[in-house]
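As structure tokens, the structure follows; a few thoughts come after it.
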Amino acid sequence: MLDMRHLLILLVFYSFAFSQSLLFDDKDDFISITPSEEVEDINGITISTWIHKEKNSNYEETLIDFGGTDSKDTPYRYIIKFEGNRIKAWVEGSAFDGTNVSFLTCANCLYEDLPIYDQWINIVAVYTPNSSKLYFNGMLIGSSIFNLSAESLSIFNETGNYFIGKNATVKDSYFEGYIDEVAVWSKPLTFVDVKNLYENNRSNRFFYSNDLIGFWSMEEGQGNILRDQGIFYNNALIIGAEWNSFSRTNNQIGIQNVTSSEISLSHYPNPFNSKVTLVYELPNPGLVKVDIYDIMGKQVKSLVNDYRKSGINSVKWDGTNFNNKLVPSGTYFYKVESLGYIKTKKIQFVK
């Protein structure tokens, strides 16, 4: 039988039909979270949120800043921010010699062409003591490997600062746009977890779990207190940000702008013995994955994992696998996935 705490969480999750979000200006709006209990000796941290930006600000905007003001007391600080039309993520902590260090999640994830603006997007950062990953709409866009001094992480230390929409140390680094659903897990979510987080509908995206240590659904719609529906009561104070009804009605990014639910596929020649051209037509621009699978459903090769324009696109496959060795003759499938839509078609390889 559900207790009142569980019932409250379920009611919040199933109230998506009346969903709200918070609007932040770029001047002085932010959320300040008051930690109630430190979570420590954990092997990872995952931070997820949905945002909507309408323009490129051309300066630094902090989305998430969770941790110590100088990395010394927390002991770790987790940051997600924008610099113009670039997304960055950091983890800061202590090196073995006691000095403070800052690790950029990835040097190659400063994507200039990601469809950041005028649509709801999902951003997830996954941190461990020796690695970090950054996801955009369920797709990995960057990662890094490093070595912090500790074998575990911690968060929600009472001496730290926990801000949404503001940087603890950089002046005038406020976020501009809409924010919805900020969640924190005390574990590193896997690629499958992140993909499910992006693809599942709003009513069942979150579940009661001892790993969900912070969840601000932003469904109150009034007042200046933001309640934490995670397993702790890390309630937050809203400073300046305004309630509004502009929010996602479903989780699929850009669905409201998609003119067709079909991804059109074609290929030539078929059968093929050296190269096959795979042609896919997208109704809208977005992140695209094109993968090859064998008849048993095992992935053979990844051909595309990047942003592509709307309209006709193409990629060639030379019949090789991940190790660049020719696959056996037989039936294969290519799968194209974009904006939540998936289409698969059969091809025949003959040596």
Side-chain angles (χ1 to χ4, degrees), residues 2-36 47-55 61-66 80 82 116-124 137 156 161-166 174-185 197-209 212-257:
L2 292 175
D3 58 26
M4 289 302 295
R5 175 69 171 161
H6 290 70
L7 182 59
L8 174 61
I9 293 169
L10 290 175
L11 288 175
V12 170
F13 292 165
Y14 283 90
S15 64
F16 65 95
F18 308 99
S19 59
Q20 305 282 321
S21 67
L22 280 167
L23 175 61
F24 296 71
D25 66 20
D26 59 352
K27 300 176 179 63
D28 55 7
D29 292 354
F30 66 98
I31 294 170
S32 178
I33 299 169
T34 302
S36 64
I47 301 174
S48 166
T49 188
W50 292 81
I51 68 165
H52 187 287
K53 288 181 61 59
E54 295 180 348
K55 62 181 180 179
E61 296 181 56
T62 301
L63 178 57
I64 299 292
D65 188 349
F66 286 177
I80 305 172
F82 295 88
I116 293 175
Y117 306 106
D118 296 319
Q119 59 182 315
W120 284 99
I121 62 174
N122 178 232
I123 297 175
V124 179
N137 288 354
F156 297 139
N161 292 318
Y162 296 87
F163 294 136
I164 299 172
K166 172 187 175 179
Y174 293 95
F175 178 78
E176 182 178 15
Y178 300 87
I179 300 179
D180 194 10
E181 286 185 2
V182 177
V184 182
W185 287 265
L197 184 70
Y198 168 64
E199 292 181 346
N200 290 344
N201 64 46
R202 185 183 179 105
S203 62
N204 65 14
R205 184 181 302 110
F206 293 99
F207 51 89
Y208 188 83
S209 166
L212 186 61
I213 56 175
F215 177 49
W216 301 270
S217 62
M218 302 187 183
E219 300 298 347
E220 287 84 349
Q222 60 183 351
N224 62 354
I225 300 299
L226 199 61
R227 292 186 295 274
D228 176 13
Q229 279 94 40
I231 64 172
F232 302 112
Y233 293 91
N234 298 317
N235 290 338
L237 179 65
I238 302 169
I239 301 175
E242 298 179 356
W243 289 108
N244 65 91
S245 58
F246 177 72
S247 63
R248 301 167 298 111
T249 56
N250 61 60
N251 67 298
Q252 300 296 351
I253 304 307
I255 290 298
Q256 65 275 20
N257 298 319

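The figures here come from the full heavy-atom set of this structure, side chains too, leaving out hydrogens, waters and symmetry mates. Numbers here simply count residues along the sequence, with the first being 1.
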### Query
Hey, is the main chain of Phe215 close enough, under 3.5 Å, to the side chain of Asp228 for a donor-acceptor pair?
yes

ask   = Mind checking whether Trp120 and Tyr178 have parallel, tilted or perpendicular rings, split at 30° and 60°?
value = tilted

side-chain contact (heavy atoms from CB on, under 4.5 Å) filter on Ser32, not counting sequence neighbours, yields Phe30, Phe163

| message | Could you tell me if the side chain of Ile31 sits less than 4.5 Å from the side chain of Met218, heavy atoms only? | response | yes

Residue set satisfying side-chain contact (heavy atoms from CB on, under 4.5 Å) with Asp28, at least two apart, ordered chain then number -> Asp25

*asked:* Over 60° means perpendicular and under 30° means parallel, so tell me whether Phe66 and Trp216 are parallel, tilted or perpendicular.
replied: perpendicular

Residues passing the side-chain hydrogen bond (donor to acceptor under 3.5 Å, both in side chains) test with Thr62, sequence neighbours excluded, are Asn167, Ser173

d(Ile179 CD1, Trp50 CH2) to nearest 0.5 Å is 14.0 Å

Rounded to the nearest 0.5 Å, the NE2 atom of His52 sits from the CG atom of Asp180 at a distance of 11.5 Å

Output for pair (Gln229 CD, Asn234 CG), nearest 0.5 Å, gives 11.5 Å

OG (Ser217) and CZ (Arg227) are apart, to the nearest 0.5 Å, by 8.0 Å

CG of Asn122 to CD of Glu181, rounded to nearest 0.5 Å, is 9.0 Å

Worksheet item: Below 4.5 Å, heavy atoms only, C-beta onward: do Leu237 and Ile225 meet side chain to side chain?
Response: yes

Are Thr34 and Asn235 linked by a side-chain donor-acceptor pair shorter than 3.5 Å?
no

Here the pair of heavy atoms bringing Ile123 nearest to Ile80 is CG2-CG2, 4.1 Å

Got a donor-acceptor contact below 3.5 angstrom from the Asp29 side chain to the Phe175 backbone? no

So, the side chain of Asn224 versus the backbone of Ile238: is there a donor-acceptor pair under 3.5 Å, distance only? no

Legend entry - Side-chain heavy-atom pair Lys166, Asp65 within 4.5 angstrom cut-off: no

May I ask you to decide if Phe24's main-chain N or O and Glu176's side chain share a donor-acceptor pair within less than 3.5 Å? no

Yes or no on side chain to side chain contact (heavy atoms under 4.5 Å, CB included) for Trp185 and Leu197, after CA distance, side-chain angles and deciding distance? CA-CA 12 Å; Trp185 287 265; Leu197 184 70; 3.8 Å; yes

OG of Ser48 to CD1 of Ile64, rounded to nearest 0.5 Å, is 9.0 Å

